[in-house]
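Below is one structure, written out as structure tokens; comments come after it.
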Amino acid sequence: MTHPSSSADQAGHAASQRPQTLFEKIWQQHEVKAATADHPAVLYIDLHLIHEVTSPQAFDELRKRGLPVRRPDRCVATMDHSTPSLPADAEGDFPFVDDLARQQVRKLEENCRDFGIELFDLDSEHQGIVHVIGPELGATQPGKTIVCGDSHTSTHGAFGALAFGIGTSEVGHVMATQCLLQHRPKTTAIEMTGRLQPGVSAKDLILALIAQIGVGGGTGQVFEYRGEAVRALSMDERMTLCNMSIEAGARAGLVAPDEKTFAYLKGRPMAPQGEAWDQAVARWRDLVSDEGAVFDRVVTLDASKVQPMITFGTHPGMGMAIDDAVPAEIHGESTAKALDYMKFEAGESLLGKKVDVVFIGSCTNSRINDLREAAAVFRDRKVAPGVRTLVVPGSKKIKTMAEAEGLDQIFRAAGAEWREASCSMCIAMNGDQVGPGQLAVSTSNRNFEGRQGKGSRTLLAGPATAAAAAVTGVVCDARRLGGN
Amino acid sequence: MEVFQRISSHTAVLEQANIDTDQIIPARFLKITDKQGLGENAFYDWRYDEKGELNPDCRLNQAPFNTAQVLVAGDNFACGSSREHAPWALLGMGFRAVVSTRIADIFSNNALKNGLLPVVVPAAFHAKLIAAPGTSVSIDLESQTITLAEDGESVGFSIDSFARYCMLHGIDHLDFLLQQEAAIQAYEETAV
């Protein structure tokens, strides 16, 4: 861009030299129109992930207006929420929980066909939870803007992409225009110092952060996770971290890309190839917050002090170290109502509480790293009598990978159910659910009342803690089980 | 989108904090492919008993709260899932505005596109509303004020100017975006 005068030139130069956060860089690169007094910024969206639950009304809106999907090449669709976690029968029929679920999935097939969108359906080797397959396909890339009608879109921030959940109206906006009207969020640096101790996972880290800042603590903000603890995490672990940013109310979570990010993406089907790969990596290397960049807020957490975590209440901010006593209040607010629902008493320990269900899966903890962590606990052990245990891989690819490693044999030998890729018991739409009053230890992301089925009582934890609960039948610290 | 200029209504109150969208509309009701029936199923696990009968103890089922157009809720309302079914369900119940001290981002975005007004008020004013379920309020979007009928106390709230303009005139945000086609094309030609 040329400027009419030298003073404007200098001003432009000064602006470009100002240290920027990673978020600012991505935002600036995607502004089709900057915000004015009359309208928010028009932000270009590079990748639109679509699933069966939040898209049908948006497709209908396009039909009503006679509009096409503007860039079907920027859409990736799959089915995950309403899909069964059991395989098809001999005739190839899938055991949907009811006709509504079957129709919803059919509707997505029809919509993708009509609008020319690539769909990874139940017969595709790439099908899986939308936030698991995006990275797996290499569609998720540093510097991209990524949206989906799903709040856990924040997962993709692990790659240094600006990724956030939207509602169905906005799904329609992106379909029709590839753009969204967006207010610029504030930025928060989450400085995670030190290193996680052995036996402490990325899930524990994010639960500790949410317990610290609260479920509304990130409202209006984009988090950038930084520091030694974050650099040390694998890509799978960074996804777990970013995934639950929304549980603190944040719009998105970001981790600056590095060699681990590039190594993960290299050679994936939708990642750039050959010369384009080298050019992309060169561009991606600039996607870091500049030295001296100013964040609106800084939060610090010492990762070396984090213990295995568990939630005790009815939102993800009600978390504590697994051997702590249940608090009577958090963030100055009484926990009485939540404890009444959970049938816990303030001051008691959850260690030794009898567990009915264990769920290992969801977009938070269903990747190969999570399955390995759980399998290490299940190896040569049995699921305790009376505990129903579901292990649900995040994608077909992960299922295949786990089976190649023999992890499925470990789960089956222990007495756990090894299922097909789906959201399954996290959102309990497909028939996989926790019964009324039952206590579940779950690697998912939400412990809201009834989230896993009406009357269900959910304890959120990492894969090792969940597996330890399965084999002992009670809430326990996986580190105390000893090696096997 | 339905025009929203000013409403006067008594309130319904749900004082608890962190009411999540799974409470507003449980996930098992998300298998629909349209927007039908969400009002009846809103707050299902609170409003209905084991047999699926209306629970008379739930305040949302009691007069006059069951005809309120304004829902006053505890802090951090509508956190959790991005489901637009949540504002559709609240509109289906007859609500036109929700009032809290903090409202989750995605829900606010969704609500504003459907003519449901998210009103964030200071804690002291909120406490008065919580303490007086059923009290009458008027909400004026043009002046961005909410006023208690009883004593005339009024506080301001803030809605971004674009969303306010659209709601006041019943304009769909998509119409605005569709007019940006030239700029979008220009962006696509230059962007990497």
Side-chain angles (χ1 to χ4, degrees), chain A residues 29-30 32-33 37-40 42 44 53-54 56-57 60-61 65 67 81-82 98 100-101 103-104 107 149-151 153 164-170 172-173 176-181 183 185 215-216 219-220 246-247 249 251 283 314-315 317 333 337 427-429 446 448-451 454, chain B residues 1 16-23 26-35 44-46 50 75-77 79-88 101-107 109-114 160-163 165 172-178 180-181 183-184 186-188 191-192:
Chain A
Q29 285 167 12
H30 289 84
V32 171
K33 274 192 173 178
D38 294 328
H39 63 78
V42 177
Y44 194 79
V53 179
T54 55
Q57 298 87 350
D60 282 351
E61 181 68 21
R65 290 168 174 260
L67 293 168
H81 286 67
S82 297
D98 56 26
L100 276 177
Q103 282 161 19
Q104 192 173 53
K107 189 89 186 162
D150 193 287
S151 60
T153 308
F164 51 93
I166 55 177
T168 297
S169 293
E170 290 184 323
H173 297 180
T177 68
Q178 208 55 37
C179 288
L180 283 176
L181 286 157
H183 290 286
V215 276
T219 304
I246 182 67
E247 308 313 333
R251 283 296 271 149
R283 268 198 324 274
T314 53
H315 67 59
E333 199 181 312
K337 188 171 181 305
I427 192 163
M429 283 181 72
R446 288 184 176 140
F448 298 148
E449 287 183 23
R451 166 82 178 185
K454 188 170 179 177
Chain B
M1 183 165 65
Q16 76 178 84
N18 306 309
I19 293 172
D20 56 81
T21 51
D22 276 88
Q23 306 314 309
R28 60 186 183 278
F29 299 115
L30 307 186
K31 286 180 281 192
I32 53 169
T33 53
D34 53 23
K35 302 175 185 177
Y44 190 94
D45 293 343
W46 299 4
E50 301 301 319
D75 184 55
N76 194 34
F77 180 69
C79 56
S81 145
S82 63
R83 61 191 71 166
E84 198 157 321
H85 308 69
W88 295 335
T101 38
R102 196 161 41 160
I103 300 178
D105 288 333
I106 305 179
F107 176 86
N109 277 335
N110 289 340
L112 286 167
K113 291 176 183 66
N114 289 278
D160 95 79
S161 57
F162 176 79
Y165 182 83
D172 197 298
H173 294 205
L174 179 54
D175 293 329
F176 176 86
L177 276 172
L178 287 167
Q180 310 307 312
E181 180 58 27
I184 298 168
Y187 175 88
E188 284 180 327
V192 178

Sorted by chain and number, sequence neighbours left out, side chain to side chain donor-acceptor pair (under 3.5 Å) with A:Glu247 holds for A:His152, A:Arg446
Under the side chain to side chain donor-acceptor pair (under 3.5 Å) rule, what do A:His315 and B:Asp20 come out as? Steps first, then yes or no, please.
CA-CA 9 Å; A:His315 67 59; B:Asp20 56 81; over 6 Å; no
4.5 Å side-chain heavy-atom contact, B:Ile184 and A:Thr177
yes
Check whether A:Val53 gets within reach of chain B through its side chain, its backbone, both or neither, counting any heavy atom under 4.5 Å.
both
Shorter than 4.5 Å, heavy atoms on both sides: which option in A:Thr153, A:Thr54, A:Asp150 has the most such pairs with chain B?
A:Asp150
Tell me, side chain or backbone of B:Phe29 under 4.5 Å from chain A's heavy atoms, or both, or neither?
neither
I need the residue from A:Glu449, A:Lys107, A:Gln29 with the largest number of non-hydrogen atom pairs under 4.5 Å to chain B.
A:Glu449
Does the side-chain contact (heavy atoms from CB on, under 4.5 Å) test come out yes or no for A:Phe448 and B:Thr21, once each step is laid out?
CA-CA 9 Å; A:Phe448 298 148; B:Thr21 51; 5.6 Å; no
Residue A:Asp38 versus chain B: region with a heavy atom under 4.5 Å:
backbone
Side-chain heavy-atom pair A:Lys337, B:Gln16 within 4.5 angstrom cut-off
yes
Is there a side-chain contact between A:Leu181 and B:Leu177 (heavy atoms, below 4.5 Å)?
yes
Residue among A:Gly450, A:Pro185, A:Pro40, A:Gly172 with most heavy-atom pairs under 4.5 Å to chain B
A:Pro40
By side chain to side chain contact (heavy atoms under 4.5 Å, CB included), B:Asn114 pairs with (sequence neighbours left out) A:Ser169, B:Glu84, B:Trp88, B:Leu91
Which is it for A:Tyr44 and B:Glu188 under the side-chain contact (heavy atoms from CB on, under 4.5 Å) test, yes or no, and what are the steps along the way?
CA-CA 9 Å; A:Tyr44 194 79; B:Glu188 284 180 327; 2.3 Å; yes
Heavy-atom pairs under 4.5 Å with chain B are the metric here; pick the option from A:Lys33, A:Gln178, A:His173, A:Glu333 that has the most.
A:His173
Salt-bridged, A:Arg65 to B:Asp175, with N to O below 4.0 Å?
yes
Report which part of B:Asp34 has an atom under 4.5 Å of a heavy atom belonging to chain A: side chain, backbone, both, or neither.
backbone
Over all heavy atoms of both residues, which pair between A:Ser151 and B:Ile106 is shortest? Give the atoms and the distance, please.
CB-CD1, 4.1 Å
Contact summary for A:His30 and B:Tyr187, nearest pair of heavy atoms
CA-OH, 3.4 Å
Pair B:Lys113, A:Glu170 - check side-chain contact (heavy atoms from CB on, under 4.5 Å), show working.
CA-CA 9 Å; B:Lys113 291 176 183 66; A:Glu170 290 184 323; 3.2 Å; yes
Of the listed A:Asp98, A:Thr314, A:Asp60, the one with the largest count of heavy-atom pairs under 4.5 Å with chain B is A:Asp98
What heavy-atom pair brings A:Ser82 and B:Lys31 nearest, and what distance separates the two atoms?
OG-CG, 3.9 Å
What pair of heavy atoms forms the shortest contact from B:Leu178 to A:Ala176, and how long is it?
CD2-CB, 4.3 Å
Test log, rule side chain to side chain donor-acceptor pair (under 3.5 Å), inputs B:Lys35 and A:Gln57
CA-CA 8 Å; B:Lys35 302 175 185 177; A:Gln57 298 87 350; over 6 Å; no
Determine the minimum heavy-atom distance between A:Gln104 and B:Ile32, stating which atoms define it.
NE2-O, 3.3 Å
Side-chain donor/acceptor of A:Arg251 to backbone N/O of B:Asp105, under 3.5 Å:
no
Top of B:Asn109, B:Leu30, B:Thr33 for chain A proximity - count of heavy-atom pairs under 4.5 angstrom:
B:Thr33
With a 4.5 Å cut-off on heavy-atom pairs, point out which of A:Leu180, A:Leu100, A:Ile427, A:Thr168 contacts chain B the most.
A:Thr168
